[in-house]
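Below you'll find the structure, written out as structure tokens, and then a few comments.
Note on naming: letters A, B, ... go to the chains in the order of the sequence lines (proteins, then strands), and numbering restarts at 1 for each one.
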Amino acid sequence: MLLVYIDHFGGKPPVAAWEALGAGSLFVTGSDLKAVVMGSGVEALAGEAIAHGAHSVLLADDDRLKEFRPEVYADGLSQIIRQSGADIVLFPTTSRARELAALVAVDLDTGITPDAIQLVRQNGAIVATRPIYAGKLLTTEVNLARRPQLLTVRGRSFPAPDSDPTRSGEIARIELGLAQPRTEVLGYKQSGGGVSLSDAAIIVSGGRGVANNPALHPPPELTNEKEQEIWRAREGFKLVGELAGVLGAAVGASRAAVDAGYIPYAHQVGQTGKVVSPDLYIACGISGAIQHLAGMRTAKTIVAINKDADAPIFKLARFGVVGDLHQILPALTSALRQRLGK
Amino acid sequence: MKIVVCVKQTPDTAATLTVVGGVASWGDAPLVLNPWDEYAVEQALRTKEAHGGSVTAMSLGPQAAKESLKQALAMGCDEAILISDPALERADSLLASAALAAAIKRIDAPDIVFFGKAAVDTDTEVTGPQVARRLGWPSLNLVAAISELDPAAKTITVERLLEEGRQLVRSPLPAVVSVVKEINEPRYPSFMGIRKASKAEIPIWSASDIGLQPVPEPALTWPEVIAPVRAEQSCEFVSGETPQQQAAALVERLIEEKLI
Ligand SMILES: Cc1cc2nc3c(=O)[nH]c(=O)nc-3n(C[C@H](O)[C@H](O)[C@H](O)COP(=O)(O)OP(=O)(O)OC[C@H]3O[C@@H](n4cnc5c(N)ncnc54)[C@H](O)[C@@H]3O)c2cc1C
Ligand SMILES: Nc1ncnc2c1ncn2[C@@H]1O[C@H](COP(=O)(O)O)[C@@H](O)[C@H]1O
């Protein structure tokens with residue numbers, strides 16, 4: 001039997017949760033595809049899981065699960081898995097679900113394979129393929145002897161099933177014995193906003209080149225060179241943002257741009273940032289250092305805009321534009337507005 | 001405060017990776033302190049500087065991993081411990097976390113154990129949380145800032161970097177804290193630090209020293225390591241006399257290829 005853990009934030013699941021369900025449907029038929037929904041006031045989400053193809057749902061709807069606290073969720077999920085007798089549990093690769101899977105693996109004394117991009121069944125075990133060394137290599141990984149097998153699947157690696165609200169299935173409520181939580185969630189600040197990098201089909205990224213527009217004159221009160229540079233870069237990132245806006249894309253950045261203070265770390269793509277695999281990745285003023293490529297080399301199509309025709313990023317790019325991004329980006333945005341009628 | 005920081009030795013991120021005899025090879029590229037762990041070491045040192053105490057750097061790995069521990073010492077850690085045993089060579093995260101947790105238990109009453117977000121070789125991002133679970137401590141993962149730490153009350157408040165924003169969490173100590181790079185800017189080892197580190201004696205703990213007897217089998221194996229084949233991409237440069245013409249040409253091609 002196969003369980004899929006439906007990750008969510010306040011009842012809202014990322015697309016990756018449905019992709020995990022889609023991955024699960026490759027391995028089981030009939031009534032064996034079960035979803036687990038945990039939270040407080042999340043019955044609607046259980047219904048959505050059925051609509052997305054789960055045959056039944058194990059629902060733990062409990063006030064004590066209102067805030068995601070990994071230790072509390074792990075206590076609950078380990079109980080659910082033990083009772084269910086599942087031999088495979090799939091999770092989406094989100095920060096929450098990855099940590100949860102890690103904790104549950106300890107409870108159940110079994111292996112955890114994070115971030116699988118491909119799954120095949122061989123001799124009764126799931127053999128996963130996952131990137132290592134920041135995607136420079138791939139490895140197969142298998143848990144031969146212990147059950148359940150716990151795996152998280154990378155976003156955009158498996159198709160998300162369509163939602164069909166006419167589907168029906170059983171929703172079984174589960175009562176959990178939960179210890180008193182020791183941590184306390186005090187709140188949130190600086191919420192994410194915009195399109196999330198990991199889910200985005202299109203990403204427009206800016207690098208150090210975004211600051212390089214000498215024609216732009218910073219306001220006179222900025223006398224310090226560093227402040228002037230950051231001001232220029234923020235103007236440049238506005239162009240990146242406008243292009244992303246017409247494309248419905250997320251905004252990414254190189255580490256050089258993040259380290260220089262042009263844009264927050266949450267936007268960083270690369271070995272020490274986010275690993276993304278969008279359909280289209282547009283790199284603007286990014287040279288293509290190996291650590292940056294590590295984060296986006298699996299993008300289906302890469303477009304590079306750079307004033308240096310020899311920049312290494314062009315070696316990976318399908319389309320290249322040699323020129324000044326401060327001129328190309330506005331031209332591109334307005335050409336797209338016209339063509340796409342926006 | 002008694003502070004521990006777990007660090008791994010990894011190949012340099014600029015290394016070219018190939019597959020030799022079925023396993024990953026980085027040729028003669030240098031091995032370094034896992035870049036994420038520099039942030040963990042830095043945070044451990046800052047915690048000591050603010051609240052007093054000592055910092056112990058701990059690594060599980062082959063004898064050569066002493067070099068990375070020396071880098072942690074050179075940055076300012078007070079002592080270092082290497083857990084090394086042939087039986088732990090093919091450890092998965094389940095076994096590595098068991099070994100690290102067992103070693104941490106041998107240390108007298110640690111208040112906090114720092115981890116990096118990920119090791120840049122295996123990219124698993126689970127070892128810190130798993131060690132926390134084994135110790136029965138709260139796991140504070142993806143920490144971008146420590147907003148409060150009260151050694152007397154034994155509490156800590158952190159900001160965790162989640163997809164949806166920064167989550168503020170208060171936890172009792174002892175706890176495991178895994179840090180992301182936003183948390184600080186790691187210092188460079190000082191000249192004095194490097195000299196001190198070069199002379200340091202680093203004790204080696206075997207599996208039986210940490211009470212891991214018999215050594216459990218890892219759950220996972222890696223039948224095959226593959227170098228992904230990437231079709232040589234020939235970049236198509238769009239032409240045009242002006243940026244407007246270039247942009248228009250690019251848009252045409254993107255539409256023709258159904259990319260937008
Ligand atoms: C351990 C480690 C981890 C790292 N992790 C990451 C990571 O996660 N992500 C990451 O990105 N990097 C990472 N790096 C850093 C990486 O090595 C590079 O330094 C960084 O990616 C360079 O960023 P960049 O391309 O924006 O800047 P640069 O290399 O300076 O390139 C700027 C580019 O912009 C072009 N340009 C300049 N002006 C213009 C203009 N007006 N119009 C068009 N083009 C212009 C230039 O021709 C150049 O190609 C890491 C490094 C290390 C050592
Ligand atoms: N062999 C090891 N020795 C010491 N610490 C480790 C080891 N492996 C992983 N860690 C720690 O766990 C973190 C996450 O590693 P990983 O789960 O392998 O991605 C690293 O940043 C280190 O702090």
For a quick check under 3.5 Å, do [X] and [Y] share a side-chain donor-acceptor pair by atom type?
X: A:T140; Y: B:E224; answer: no
X: A:K189; Y: B:Q167; answer: no
X: A:S95; Y: B:E163; answer: yes

Proximity of B:F237 and A:F314 rings by center, below 6.0 Å: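 Under 6.0 Å, so yes.
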Check: [Y] and [X] side chains under 4.5 Å, non-hydrogen atoms:
X: A:D279; Y: B:K258; answer: no
X: B:K181; Y: A:Y265; answer: yes
X: B:T124; Y: A:I112; answer: no
X: A:K12; Y: B:E164; answer: no
X: A:P70; Y: B:N141; answer: no
X: A:F319; Y: B:E257; answer: yes
X: B:T10; Y: A:Y133; answer: no
X: A:D324; Y: B:P243; answer: no

Given a strict heavy-atom distance threshold of 4.5 Å, which part of [X] is in contact with chain B: side chain, backbone, both, or neither?
X: A:T152; result: neither
X: A:D75; result: both
X: A:Q291; result: side chain
X: A:I290; result: side chain
X: A:V104; result: neither
X: A:R182; result: both
X: A:R69; result: neither
X: A:A74; result: both
X: A:T110; result: backbone
X: A:N143; result: both
X: A:R147; result: neither

Chain A: which of [options] shares the most heavy-atom pairs with it under 4.5 Å?
options: B:R253, B:Q245, B:R160; result: B:R253
options: B:T127, B:V225, B:T242; result: B:V225
options: B:A119, B:A144, B:A247; result: B:A247
options: B:V251, B:D121, B:V126, B:V180; result: B:D121
options: B:L142, B:V120, B:T221, B:V238; result: B:T221

What distance do [X] atom [atom1] and [Y] atom [atom2] have between them, rounded to the nearest 0.5 Å?
X: A:L103; Y: B:R134; atom1: CG; atom2: CZ; answer: 11.0 Å
X: A:F68; Y: B:L162; atom1: CZ; atom2: CG; answer: 8.5 Å
X: A:Q149; Y: B:L220; atom1: CD; atom2: CG; answer: 9.5 Å
X: A:K136; Y: B:T16; atom1: NZ; atom2: OG1; answer: 7.0 Å
X: A:E184; Y: B:T155; atom1: CD; atom2: OG1; answer: 10.5 Å
X: B:S171; Y: A:E71; atom1: OG; atom2: CD; answer: 7.5 Å

Criterion side-chain contact (heavy atoms from CB on, under 4.5 Å) on B:L168 and A:Y188, from CA distance to verdict: CA-CA 6 Å; B:L168 264 67; A:Y188 290 83; over 6 Å; no
From CA spacing to verdict: side-chain contact (heavy atoms from CB on, under 4.5 Å), B:Q246, A:I328: CA-CA 8 Å; B:Q246 286 174 299; A:I328 305 285; 3.1 Å; yes
Pick from A:R98, A:R146, A:Q327 with the largest number of heavy-atom pairs that fall under 4.5 Å of chain B: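 Going by pairs under 4.5 Å, I would pick A:R98.
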Select one option (side chain, backbone, both, neither) describing which atoms of [X] are under 4.5 Å from chain A's heavy atoms.
X: B:E185; result: neither
X: B:T157; result: side chain
X: B:L259; result: both

Side chain to side chain contact (heavy atoms under 4.5 Å, CB included) partner of B:V19, chosen from A:T139, A:L137, A:L138: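 Going through the options one by one, the only one that passes is A:L137.
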Distance-minimising heavy-atom pair for B:L94 and A:A105: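 Closest pair (atom of B:L94, atom of A:A105, distance): CD1-O, 3.9 Å.
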